[in-house]
2 protein chains.
Amino acid sequence: MAEQTIKVPRLYQQVAEKLIEMIESGEYDVGSRLPAERELAAMFSVSRPTIREAVIALELENFVEVRTGSGVYVKAGRRESGRLADKDIGPFELTEARILFEGEAAALAARMITDAELRQLESILGEMAAENESGEEMHEEADKKFHMTIAQATRNSAVVSVIEGLWDARESSPLTRRMYQRVRNKGFKPSIEEHRDVFNAIATRDPAIARAAMREHLTRVIDSILEATEVEAIEAARSEVAKSRERYSVARKLG
Amino acid sequence: MAEQTIKVPRLYQQVAEKLIEMIESGEYDVGSRLPAERELAAMFSVSRPTIREAVIALELENFVEVRTGSGVYVKAGRRESGRLADKDIGPFELTEARILFEGEAAALAARMITDAELRQLESILGEMAAENESGEEMHEEADKKFHMTIAQATRNSAVVSVIEGLWDARESSPLTRRMYQRVRNKGFKPSIEEHRDVFNAIATRDPAIARAAMREHLTRVIDSILEATEVEAIEAARSEVAKSRERYSVARKLG
DNA sequence: CCTTGTAAACTGGTCAACCCAATTGCCGGG
DNA sequence: CCCGGCAATTGGGTTGACCAGTTTACAAGG
């Protein structure tokens, strides 16, 4: 059973990935032409249809522009893994919002949660550990389940919807998807210890403690993303919360 | 010179567009399988590679999910069961969520807001007053604008999108809409004083003060709804309203 | 009768070779 | 030096075939 079905990404995705790397590394200047599809096919040892699929993927992400009969050209859009297309939400903004909102959800959940839900939460920690051990692919499932269970414990469907939306938003655009993928590839897995801390905090049924624990956990998530993506500070700088000292003080609330 | 050959969109784009239309028109339910690539190819009278390209486009935009050996399935995330809209969220849940989330947004906004935005906020107070005087219809516009301006001051698009979603959610279910209508009919208008308090609090640029003010404001909103719907609350005593009535006091005490 | 295997049918994944049309570039004639 | 035209190059799209997972139907076995 040591054998795991390693999910082989589709070929065009691998090719697209490599092409993006090449473009981001400046191997092809903006405005310059990429090698012909036939050449690329030879380079990557794949067929031309596969190359075409990859090119289309890059085209949809605004990395390149294809001119019929001429070639595919690197688009002007400021490259360097950063350029968030207007509409999509970057991982930092996303996680910052989660710090704010899930912190409050945890606080409310601490007040409302039932013993049964607490047991369920704890069992999810087990699942998470199991997933971390085995296939890397699934491990986010338990993580989501953990956070959603807390959300549901608030007994507020609006809260549940918002938090689920925030979670799913990471899959919303190819760009953010790639960023999270990068984080995963770097070996960052949801820390059991951190989640257990959150669990313990909620188990105290003290809102302030629960909020502080959740904020702490998500703040570390931001740190992970930062570390993994060595991303331009421009976007990260927007995250005031990440560097803020205005953390909720557990001690203050306890007194 | 005047004659320009209209650029014919690439074939895969045309196909992708048609497929999106079909999906959005509900021709294929979420979770259901689309016709096989070979069938689609026959349907659109194009080759299979072209269909594949179109499918990849939909996949990148999160419309569908491709399962090898099985088929391509319509994804849920995009619309339908996704957003807060048509989720049937009661007014109390909604406002409770706003207390939690907008409170935090206000706190963050207090730290981030620019002088220009502060001026804009203040001018919205003026609009609100004007709307209260004249037609009742419009006055919610200024109210929304007020809250959205604060959200935008956080410089976090995830926060903005969540708060806008929460606002629009009041139009989601018929029940919720009727309740808000009732509140308006009872003569409850967004209080300028309350909003000015929030404005002043944010102007101090102190997160804690801003959060408290926003929570206070929204807590009063819940009171208004409670008061305005008291009769209804008796009818539906065992459902939402009664439960929420006891609930919101919990949220209030969290801070 | 129900269960269980297993093989066939189906579906996406990929490849190879081919034709077409637009673009580019070279080359020779003016 | 300029310009027209032809040929090479490039993307756009097609056909047909084969492979590898999934699903399904059907028959053997309990």
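As the structure is a computational prediction, the values presented were derived from the model and not from experiment.
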Give [X] one of three labels, base, sugar-phosphate or nothing, depending on what nucleic acid heavy atoms sit under 4.0 Å from its own.
| X | answer |
| --- | --- |
| B/Arg10 | sugar-phosphate |
| B/Val72 | sugar-phosphate |
| A/Arg52 | base |

Problem - A/Arg33 vs C/dT24: side-chain N/O to OP1/OP2 distance below 4.0 Å - result: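 A/Arg33 to C/dT24 OP1/OP2: no side-chain N or O under 4.0 Å.
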Problem - Phosphate contact (D/dT14 OP1 or OP2) by B/Ser47 side-chain N/O below 4.0 Å - result: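 Affirmative; the distance criterion is met.
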Problem - Euclidean distance, atom CD of residue A/Glu37 to atom C1' of D/dT9 [Å, nearest integer] - result: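 Atom CD in A/Glu37 sits about 12 Å away from atom C1' in D/dT9.
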Handout entry: B/Gln13 CD - D/dG12 P separation (whole Å)
Key =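 Value for this atom pair: 10 Å.
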Problem - 5' priority, DNA chain C, between A/Thr50 and B/Val66 [closest heavy atom] - result: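 The residue mapped nearer the 5' terminus is B/Val66.
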Exercise for the section: Using heavy atoms to find the nearest nucleotide of DNA chain C for A/Val46 and A/Gly69 separately, return the residue whose nucleotide is more 5′. Expected result: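 Result of the comparison: A/Val46.
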Practice task
Please figure out whether B/Arg38 or A/Thr68 has its closest DNA chain D nucleotide nearer the 5' end.
Solution key: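 Closest to the 5' end, via its nearest nucleotide, is A/Thr68.
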Problem - Between CG on residue A/Asn200 and CD on residue A/Glu193, distance to nearest 0.5 Å - result: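 One gets 12.0 Å once the value is rounded to the nearest 0.5 Å.
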Problem - Rounded distance (nearest 0.5 Å) linking atom CG of A/Leu118 with atom CZ of A/Arg205 - result: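 One finds 5.0 Å between CG of A/Leu118 and CZ of A/Arg205.
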Handout entry: Shortest side-chain distance from A/Ser70, nucleotide among C/dT24, D/dT23, D/dT15
Key =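 Ranking C/dT24, D/dT23, D/dT15 by closest atom to the A/Ser70 side chain puts C/dT24 first.
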Handout entry: Nucleotide nearest B/Pro49 (side chain, heavy atoms from C-beta), chosen from D/dG13, D/dT15, D/dG21
Key =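 Looking only at side-chain atoms, B/Pro49 lies closest to D/dT15.
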Exercise for the section: May I ask you to decide if the ring planes of B/His147 and B/Trp167 are parallel, tilted or perpendicular, using 30° and 60° as cut-offs? Expected result: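 Rings of B/His147 and B/Trp167: tilted, as their planes differ by 30° to 60°.
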Handout entry: B/Arg67 (side chain) and C/dG12 (base): donor-acceptor pair under 3.5 Å
Key =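 In this structure, the two groups form no donor-acceptor pair.
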Problem - Side-chain-base donor-acceptor pair under 3.5 Å for A/Arg48 and D/dG12 - result: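 When only heavy-atom distances are counted, A/Arg48 does reach the base of D/dG12 through a donor-acceptor pair under 3.5 Å.
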Problem - Closest non-hydrogen atom pair, A/Arg170 against A/Leu94 - result: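 That closest heavy-atom pairing would be N-CD2, 3.8 Å.
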